[in-house]
Colleague: 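My structure is below; once you've seen it, I'll send some questions.
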Protein chains: 2
Amino acid sequence: MLHIKIMSPSTTTPALAFRPLYKQVVGLITRSLEIGEWKPGVALPSEAELAVRYGVSQGTVRKAIDELVSANLLIRRQGKGTFVATHSDPDSFARFLCLAPNDGEPRPVSNVPLACWRAKAGADVARHLGLEPGALVIIVRRLLRIGEDPAAFDEIYLPGGLFSELTMDVLNSAESSLYSLFESRFGVRAIRANERLRAVSADKVSAEALQVAEGAPLLLAERVTFTYGDKPVEWRRGFYSTRNCHYHNELG
Amino acid sequence: MLHIKIMSPSTTTPALAFRPLYKQVVGLITRSLEIGEWKPGVALPSEAELAVRYGVSQGTVRKAIDELVSANLLIRRQGKGTFVATHSDPDSFARFLCLAPNDGEPRPVSNVPLACWRAKAGADVARHLGLEPGALVIIVRRLLRIGEDPAAFDEIYLPGGLFSELTMDVLNSAESSLYSLFESRFGVRAIRANERLRAVSADKVSAEALQVAEGAPLLLAERVTFTYGDKPVEWRRGFYSTRNCHYHNELG
DNA sequence: CAGTGGTCTAGACCACCTC
DNA sequence: AGGTGGTCTAGACCACTGA
């Protein structure tokens with residue numbers, strides 16, 4: 001495959017049109033990931049092969065891969081190869097769950113689907129998901145247990161177009177995380193998310209689900225999840241009971 | 001300055017003793033930052049000079065600096081140089097404040113010191129700060145306003161040894177953030193922090209400070225802040241009122 | 001052993017900033 | 001014009017993995 005070293009200096013933005021070669025390679029690799037040329041979990045061609053394919057040096061390919069690794073899209077394993085990141089690999093993709101037990105003891109996390117239905121998107125859900133108001137959305141309620149304790153009660157809004165075959169049966173058949181299910185069953189890969197946290201009082205429904213008193217303080221996490229190209233694919237409101245757990249965050 | 005390319009293969013861990021050259025350069029630069037050879041805000045010697053100084057190629061120095069840049073210890077500015085990161089630069093170091101107004105309108109953040117006193121460290125504070133129980137700690141209470149709204153009420157515990165001259169007068173003289181004050185006045189540079197969030201009910205003191213009803217839900221953020229060498233330098237409990245603000249976090 | 005990623009080098013050239 | 005960081009190359013060698 002050929003590449004274009006000289007950027008056409010767009011007349012509107014004369015000097016800003018410069019785009020380094022390795023950035024172009026980033027774009028090409030990302031595109032291949034997006035269209036599924038390399039599936040989650042499998043190895044990419046070696047750096048040397050990619051260098052030939054894109055007509056650049058190995059160093060340039062390396063720099064491109066560096067960027068995709070730090071964006072968590074790829075994983076390097078020395079001596080083995082470079083792999084497409086996947087939510088099925090617990091090591092690499094438990095990073096969207098920020099809840100941890102207070103005492104530090106690791107506990108099994110279990111996923112309890114409660115309900116799944118269709119509805120028309122309201123104004124705010126449509127806005128977050130980039131849909132027309134009234135578009136079809138799928139709503140999932142689920143409980144997350146950490147050890148024995150109910151820790152999170154989530155209401156999850158998904159674009160109907162991407163998840164049309166999602167049902168309670170599908171949810172119940174999922175052995176691991178939801179994102180892993182989205183990836184393997186619907187080809188939707190969650191890349192990054194923006195989360196907003198607030199403290200609220202438990203309403204009746206969430207109090208019951210989390211087995212706390214109505215009015216008890218809960219952590220409300222509202223999350224928009226994105227896939228390639230910053231396309232939103234999930235809007236989620238999660239109520240977290242922080243009696244035995246906390247939300248952890250690293251600043252730096 | 002000379003460098004050692006061949007690692008003495010420690011007899012206890014034969015094969016694990018390999019340490020790449022650029023990692024050693026990272027260590028040397030970090031050490032210079034730590035002992036204050038280059039102060040916050042000033043430029044480092046050029047990459048070429050550092051290459052000569054450490055007896056390595058410029059590429060190796062670059063790779064070392066890459067790592068320190070992504071750890072937020074250094075900042076590159078093309079055409080100008082590489083600079084020591086500083087909390088005084090609002091661009092680079094507002095990153096410890098995760099609170100933002102709900103409507104997205106940027107508002108001025110103001111810092112209102114309320115109290116400052118000495119005490120002996122209790123068991124948990126001592127543990128978080130790595131001190132002996134009973135060691136001298138300085139406790140600061142302050143209010144953070146975002147626009148006109150009281151947004152955060154913080155109780156901050158500092159090791160007495162590092163901040164011995166901290167008083168209300170010093171706090172009142174600070175024009176910008178606390179971490180900026182720590183850096184310029186006490187030579188203590190906050191590098192990273194671990195934060196744990198919970199939802200709690202407002203007690204009388206924090207309710208009054210934040211002008212919310214007693215029992216209202218608040219976001220409690222407990223933070224340990226570290227400097228070079230993962231040494232803890234601050235333990236903080238902050239109560240956030242999330243009526244007009246939220247805590248934002250990027251996952252991915 | 002061969003294949004992979006990881007390190008290191010030396011040198012050329014480019015983009016950006018300042019004087 | 002002269003300095004800085006930023007890109008790109010080609011090649012050598014090292015560390016890790018697995019057959």
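Here is how names work: the chains are called A, B, and so on, in the same order as the sequence lines, proteins then strands, and each is numbered from 1. Values in this document were obtained by computation on a predicted structure and should not be read as measured data.
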Colleague: Check DNA chain D against residues 57-74 of chain B and give the residues with a non-hydrogen atom under 4.0 Å, in numerical order.
Modeller: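 Correct list: B:R62.
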Colleague: Check the angle between the aromatic planes of B:F96 and B:Y179 and answer parallel, tilted or perpendicular using the 30° and 60° thresholds.
Modeller: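 B:F96 and B:Y179: tilted rings.
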Colleague: Figure out the CD/P separation between B:E49 and D:dG3, and round it to whole Å.
Modeller: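 The answer, rounded to whole Å, is 11 Å.
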Colleague: Check this for me: does any side-chain nitrogen of one of B:D230 and B:R192 sit under 4.0 Å from a carboxylate oxygen of the other?
Modeller: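 Answer for the salt bridge query: yes.
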Colleague: Taking only the side-chain nitrogens and oxygens of A:K80, find out if one of them lies under 4.0 Å from OP1 or OP2 of D:dG18.
Modeller: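 A:K80 to D:dG18 OP1/OP2: side-chain N or O found under 4.0 Å.
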Colleague: Both A:Q78 and A:P20 contact DNA chain D. Taking the nearest nucleotide for each, which residue is further toward the 5' end?
Modeller: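 Looking at DNA chain D, the more 5' nearest nucleotide goes with A:P20.
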Colleague: Which nucleotide in the list D:dG6, C:dA15, C:dG6 gets nearest to the side chain of B:E47?
Modeller: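 Among the listed nucleotides, the one closest to the side chain of B:E47 is D:dG6.
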Colleague: Check every atom of C:dG6, D:dG5, C:dT18 against the side chain of A:R76 and return the nucleotide holding the closest atom.
Modeller: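 The answer is C:dG6, which lies nearest to the side chain.
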Colleague: Tell me the interatomic distance from A:L50, atom CG, to D:dC8, atom C1', rounded to whole angstroms.
Modeller: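 From A:L50 CG to D:dC8 C1': 17 Å.
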Colleague: Round to a whole Å and report the spacing from CZ of B:F83 to P of D:dT4.
Modeller: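 Atom-to-atom, B:F83 to D:dT4, this comes out as 11 Å.
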Colleague: Whole angstrom is fine here: how far is it from OH in A:Y22 over to P in D:dG5?
Modeller: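 Distance, rounded to whole Å: 16 Å.
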Colleague: Is the shortest distance from a Lys or Arg side-chain nitrogen in B:E183 or B:R189 to a carboxylate oxygen in the other one below 4.0 Å?
Modeller: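 No, no charged N to carboxylate O under 4.0 Å.
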Colleague: Does this structure show an ion pair linking B:R76 with B:E47, if we count only N-O contacts that are shorter than 4.0 Å?
Modeller: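 Looking at B:R76 and B:E47, the cut-off is met.
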Colleague: Is there a side-chain contact between B:T82 and the phosphate of D:dG5, meaning an N or O under 4.0 Å from OP1 or OP2?
Modeller: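 For D:dG5, OP1/OP2 do have a side-chain N/O of B:T82 under 4.0 Å.
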Colleague: B:Y54 has an atom OH; how far is it from atom C1' of C:dT7, in whole Å?
Modeller: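 Answer to the nearest Å: 19 Å.
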Colleague: Between B:H128 and B:W235, what is the ring plane arrangement, given parallel below 30°, perpendicular above 60°, and tilted in between?
Modeller: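 Ring orientation, 0 to 90° scale: parallel.
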Colleague: Between D:dT4 atom P and B:L44 atom CG, what is the distance in whole Å?
Modeller: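 Distance, rounded to whole Å: 12 Å.
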Colleague: Rounded to whole Å, how long is the line connecting atom CZ of B:R19 with atom P of C:dC8?
Modeller: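 In whole Å, C:dC8 P lies 11 Å from B:R19 CZ.
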Colleague: Starting at atom CG of A:L21, determine the distance to atom C1' of C:dA12, rounded to an integer number of angstrom.
Modeller: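 Going from A:L21 (CG) to C:dA12 (C1'), I get 15 Å.
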Colleague: Salt bridge check: are B:R223 and B:E195 linked by an N-O gap of less than 4.0 Å?
Modeller: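 Salt bridge: yes.
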Colleague: Is any NZ, NE, NH1 or NH2 atom of the basic residue among B:R31 and B:E37 found under 4.0 Å from an Asp or Glu carboxylate oxygen of the other?
Modeller: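 Salt bridge between B:R31 and B:E37, a charged N being under 4.0 Å from a carboxylate O: no.
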